[in-house]
Amino acid sequence: MHEYTSTARVWGLSCPGFPEEVSRARRWTRDILRGSPLAEDAELIVSELSANAILHTASGGAQGGFHLALAVSAQVVAVSVTDDGGTDTALKVQHQDQDAEHGRGLGMVTALAHRVAVHATDHGHTVTAELFTDARRGEHPC
C-alpha cells in the first residue's frame, strides 16, 4: 500500500466461478497490499467472500463468475465482492458453533472488518468490507 496516497486507488478483477479462483483472488489482494498492516485481514476477507459467492450463488454455476474491487486510500482499504445472484436468500451473519464446518464466513468477515455492507443489485449481491488504517479491531472511528 502506498503510504502517501492522497486519493483512493481502485483495482478490479473478474474471475470465473471455479474454486481455484479463490486462491487467485487472494494472491491478487496480497500483491496489491504488499507491505500494508491490513494485507492479511483483507486477504482473508477476499477468500471468504469469494468462496461464499462460488458456493452459495449462481457465481459457482457453469457460466458464473464473481468480481472483486479493491479500493485503497491512506484511511481505508475497502474490499468488495459481487456475485451473480441466483438465490432469493438474503445474506446474513450466522452465529455457528466453533466446530461447525460451514456458516461462519460472513461472521468472520464482520469480526475482521470495521464495517461490512451488503447491497442487493439487479443481478446479485455486493458485499463490501472496510478496514480503517487508524483504528484497532473492534473500534469504529467517528
Side-chain angles (χ1 to χ4, degrees), residues 1-5 7-141:
M1 185 167 75
H2 306 282
E3 180 180 351
Y4 300 107
T5 301
T7 59
R9 296 186 68 189
V10 180
W11 291 264
L13 177 69
S14 291
C15 299
F18 305 127
E20 58 270 17
E21 291 297 309
V22 174
S23 62
R24 182 169 82 127
R26 204 172 38 241
R27 281 191 312 274
W28 177 79
T29 303
R30 181 176 50 238
D31 288 346
I32 291 170
L33 295 176
R34 190 171 313 271
S36 168
L38 301 175
E40 286 183 19
D41 286 349
E43 186 180 341
L44 185 55
I45 288 169
V46 163
S47 183
E48 287 298 324
L49 295 180
S50 299
N52 282 350
I54 291 170
L55 289 171
H56 302 295
T57 73
S59 292
Q63 301 299 316
F66 60 97
H67 182 78
L68 285 98
L70 181 61
V72 179
S73 73
Q75 297 81 25
V76 66
V77 171
V79 174
S80 296
V81 175
T82 301
D83 63 43
D84 283 346
T87 179
D88 292 332
T89 306
L91 299 173
K92 63 183 179 289
V93 177
Q94 295 179 351
H95 299 286
Q96 295 287 345
D97 184 289
Q98 271 186 336
D99 299 326
E101 291 184 24
H102 300 286
R104 297 181 297 166
L106 199 51
M108 183 170 54
V109 168
T110 302
L112 288 172
H114 296 103
R115 183 175 15 208
V116 177
V118 179
H119 300 282
T121 67
D122 290 340
H123 305 288
H125 304 92
T126 298
V127 181
T128 301
E130 296 177 346
L131 299 164
F132 298 113
T133 58
D134 62 352
R136 285 176 258 142
R137 190 172 290 139
E139 211 176 82
H140 295 270

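Just so it is clear, the structure is predicted and the values come from calculations on it, not from any experiment.
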For a side-chain contact (heavy atoms from CB on, under 4.5 Å) check, start with the C-alpha distance between T7 and S73, then their side-chain angles and the critical distance, and finish with the verdict. CA-CA 6 Å; T7 59; S73 73; over 6 Å; no
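- With V77 as the fixed residue, the side-chain contact (heavy atoms from CB on, under 4.5 Å) test singles out one of I45, D41, I32, L38: L38.
- Residues I54 and F18 approach most closely at CD1-O, 3.3 Å, considering heavy atoms.
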Could you walk me through whether R9 and W11 pass the side-chain contact (heavy atoms from CB on, under 4.5 Å) check? CA-CA 7 Å; R9 296 186 68 189; W11 291 264; 3.6 Å; yes
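- Residues F132 and R115 approach most closely at CZ-NH2, 3.0 Å, considering heavy atoms.
- Closest heavy-atom contact between E48 and V109: CB-CG2, 3.8 Å.
- Residues passing the side-chain hydrogen bond (donor to acceptor under 3.5 Å, both in side chains) test with T82, sequence neighbours excluded: T126.
- For the residue pair E20 and S23, the shortest heavy atom distance occurs at O-OG, 2.9 Å.
- In terms of modelled atom types and a separation under 3.5 Å, the side chain of H125 and the main chain of G85 share no donor-acceptor contact.
- Using a distance-only test at 3.5 Å, with no hydrogens or angles considered, a donor-acceptor pair links the side chain of S59 to the main chain of D84.
- Note that the CZ atom of F66 and the CG atom of L13 stand 7.5 Å from one another [nearest 0.5 Å].
- Judged as a side-chain hydrogen bond (donor to acceptor under 3.5 Å, both in side chains), and not counting sequence neighbours, S50 has no contacts.
- The shortest side-chain heavy-atom distance between S80 and V127 does not fall under the 4.5 Å cut-off.
- Within 6.0 Å of CD in Q63 there are 12 or fewer heavy atoms belonging to other residues, nucleotides or ligands.
- Legend: residues meeting salt bridge (charged side-chain N to carboxylate O under 4.0 Å, His left out) with R24, ordered by chain and number and at least two apart, are E21.
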Derivation of the side-chain contact (heavy atoms from CB on, under 4.5 Å) call for V116 and T128: CA-CA 6 Å; V116 177; T128 301; over 6 Å; no
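- Distance check, rounded to the nearest 0.5 Å: CG of L68 to CZ of R26 gives 12.0 Å.
- Considering all non-hydrogen atoms of both residues, L131 and A42 come closest at CD1-N, 3.7 Å.
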Would L49 and L106 count as a side-chain contact (heavy atoms from CB on, under 4.5 Å) here? Give the steps. CA-CA 7 Å; L49 295 180; L106 199 51; 4.0 Å; yes
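- In terms of modelled atom types and a separation under 3.5 Å, the side chain of S47 and the main chain of E43 share no donor-acceptor contact.
- Counting heavy atoms from C-beta on, the side chains of L70 and V72 come closer than 4.5 Å.
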